[in-house]
Amino acid sequence: MHSTYFTPDHDTFRASVRRFVEQEVAPQADAWESERRIPRGIFRRMGELGFLGILHPPEVGGAGGDLFHAVAFLEELPRSRMGGFCAAVAVQQFMADRHIWAHGSEEQKRRWVVPSIEGRAVGALAVTEPDAGSDVAALRTRAERHDGGWRIEGAKTFITNGADGDFFTLAAKTAPDKGAAGISLFVVPADTPGVRVNRRLEKLGWHCCDTAELSFEDVRLPADALVGEEHAGFRYLMEGFQLERLCSAALAVGSALLCLEETLAYARDRKAFGRPLVKFQTMSHRLAELATVTEAARQLTLHAAWLLEHDHPAVRECSMAKLYATETAKRVADECLQCYGGYGLMEEYPAARFFRDARPHTIVAGTSEIMREIIARLMVG
Ligand SMILES: Cc1cc2nc3c(=O)[nH]c(=O)nc-3n(C[C@H](O)[C@H](O)[C@H](O)COP(=O)(O)OP(=O)(O)OC[C@H]3O[C@@H](n4cnc5c(N)ncnc54)[C@H](O)[C@@H]3O)c2cc1C
């Protein structure tokens, strides 16, 4: 794990995250996956340990860390053996409250960011709609001025922490005729009348985390529910995309590293034709190839983190890191499953969950096609 990007302080932090995840989270994985739930207590515990405000300053209860603390944290989270736990925690910490922190009022920060750092409130970022996923500008949820406040009508889907969360950072159109320039962000308490969880969605992987379809019917919000400036929501979302992509890449790297580690241990242990699998060159070379592409994904991710940490826009590098790391994690999970033979398909072995939990990474936080489109546009103008 040694890397020039990490200081001894980052390494100490990483070790504390690993200890926590291995001792307090991973033993619960089978139960939480089958119950399709993450208990609230684990958010509070992470809040106590200072793991939910890594980038926030100590004045608001944060750890005052930098992006390499965040990357170390995200690389270790997959040791929970639950892609869904990783997603729920990453959304809570790096997506739902980032826009409120960056652009919200002092009162919004006090009411939502501080409790989410403490693990007392769980947040969700509600952007995607049934007819607007990759094309964010096409979203149709409407926010109109009403009685000195706001009235919201619309629907959202695929929202992580959507059913069990306490608040949504919601994107809505305040000027429907202006496309992307007519989007604003709002903070919406989940218990506001008119906010309804239509259903928890059953999905291929990430079983423990809730992914919900929501509707907003005649939802009345006070004037101060607007986050930052009216019509600036798309810009805020775009600014947040680089951190989202970096988080996604770091989680993908962490899950690929763990998947390889476990597969190597299995291939050392399992014998065929009188020898450990790892002694077959086809096996060892396959693992060597996967270790190489995982290392390349890691270095690209760390490079993107360095650029972002040093205030470079890093749109190209964050998009490349997201694309390459998530596609690599998908490949690693697939080829590692093959190394287990039939056992790879059995639920009592880790390969099956690695396989299904690697799959969402190339779709969420911007699909691989969209990452290629962004990189291509930057290349060809
Ligand atoms: C498990 C999970 C959790 C999620 N969590 C959240 C969340 O917390 N908050 C939230 O707001 N959203 C969330 N999402 C939504 C996610 O961000 C979207 O699914 C994603 O952006 C893709 O949108 P879509 O599903 O509507 O697909 P579409 O946009 O309909 O795309 C369908 C296909 O067309 C391709 N495509 C689309 N446009 C182009 C183009 N211009 N060029 C080339 N190909 C294109 C896509 O790459 C994809 O392959 C989540 C999704 C999942 C599955």
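Order of appearance sets the numbers: ligands from 1, and atoms from 1 within every ligand. Residues: numbered from 1 along the sequence shown.
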Glu261 with Arg79: basic N within carboxylate O range, under 4.0 Å: yes

Tell me the nearest of Ile374, Ile370, Asp135 to atom 40 (C) of ligand 1, using heavy-atom distances. Ile370

Between His207 and Asp357, is any side-chain donor less than 3.5 angstrom from a side-chain acceptor? no

Closest to atom 4 (C) of ligand 1 among protein heavy atoms sits Phe158 O, 3.0 Å

Can you pull out the closest protein heavy atom to atom 52 (C) of ligand 1? Residue, atom name and distance to 0.1 Å, please. Val364 CG1, 3.3 Å

Any N or O on Val127 sitting closer than 3.5 Å to an N or O of ligand 1? yes

Note the single closest protein heavy atom to atom 26 (O) of ligand 1, along with its residue, its atom name and the distance in Å. Gly133 CA, 3.2 Å

We want to know whether Glu129 and Thr141 form a side-chain donor-acceptor pair, criterion being a heavy-atom distance below 3.5 angstrom. yes

Short check: is a protein heavy atom less than 4.0 Å from atom 30 (O) of ligand 1? no

Provide, to 0.1 Å, the distance between atom 37 (C) of ligand 1 and the closest protein heavy atom, together with that atom's residue and name. Ser134 OG, 3.7 Å

Is it the case that the side chains of Glu327 and Ser368 hold a donor-acceptor pair, with the cut-off being a distance below 3.5 Å and no angle test? yes

min-distance protein heavy atom vs atom 9 (N) of ligand 1 -> Leu125 O, 2.7 Å

Provide, to 0.1 Å, the distance between atom 20 (C) of ligand 1 and the closest protein heavy atom, together with that atom's residue and name. Ile363 O, 3.5 Å

Ring of Phe73, cation from Arg14 - is the NZ or CZ under 6.0 Å from the centre and inside 45° of the axis? no

Classify the side-chain pair Arg316/Ser319 by whether it contains a donor and acceptor separated by less than 3.5 Å. no

Give me the nearest non-hydrogen protein atom to atom 44 (N) of ligand 1 as residue plus atom name, then the distance to 0.1 Å. Glu369 CB, 3.5 Å

Might you check, step by step, whether the distance between atom 35 (C) of ligand 1 and some protein heavy atom is under 4.0 Å? no

Are any of the N/O atoms in Thr157 less than 3.5 Å from those in ligand 1? no

Suppose we measure from atom 18 (C) of ligand 1 to each protein heavy atom; which comes out shortest, and what is that distance? Thr128 OG1, 4.2 Å

When you measure from the centre of the six-membered ring of Phe216, is the NZ or CZ of Arg196 under 6.0 Å away and within 45° of the axis? no

For ligand 1, note which part of Pro360 has a heavy atom under 4.0 Å away: side chain, backbone, both or neither. neither

Share the residues that join Val364 in a hydrophobic cluster, the rule being Ile, Leu, Val, Met, Phe, Trp or Tyr side chains under 4.5 Å apart at the heavy-atom level. Trp206

Please determine if Arg298 and Glu75 form a salt bridge, counting it only when a charged side-chain N lies under 4.0 Å from a carboxylate O. yes

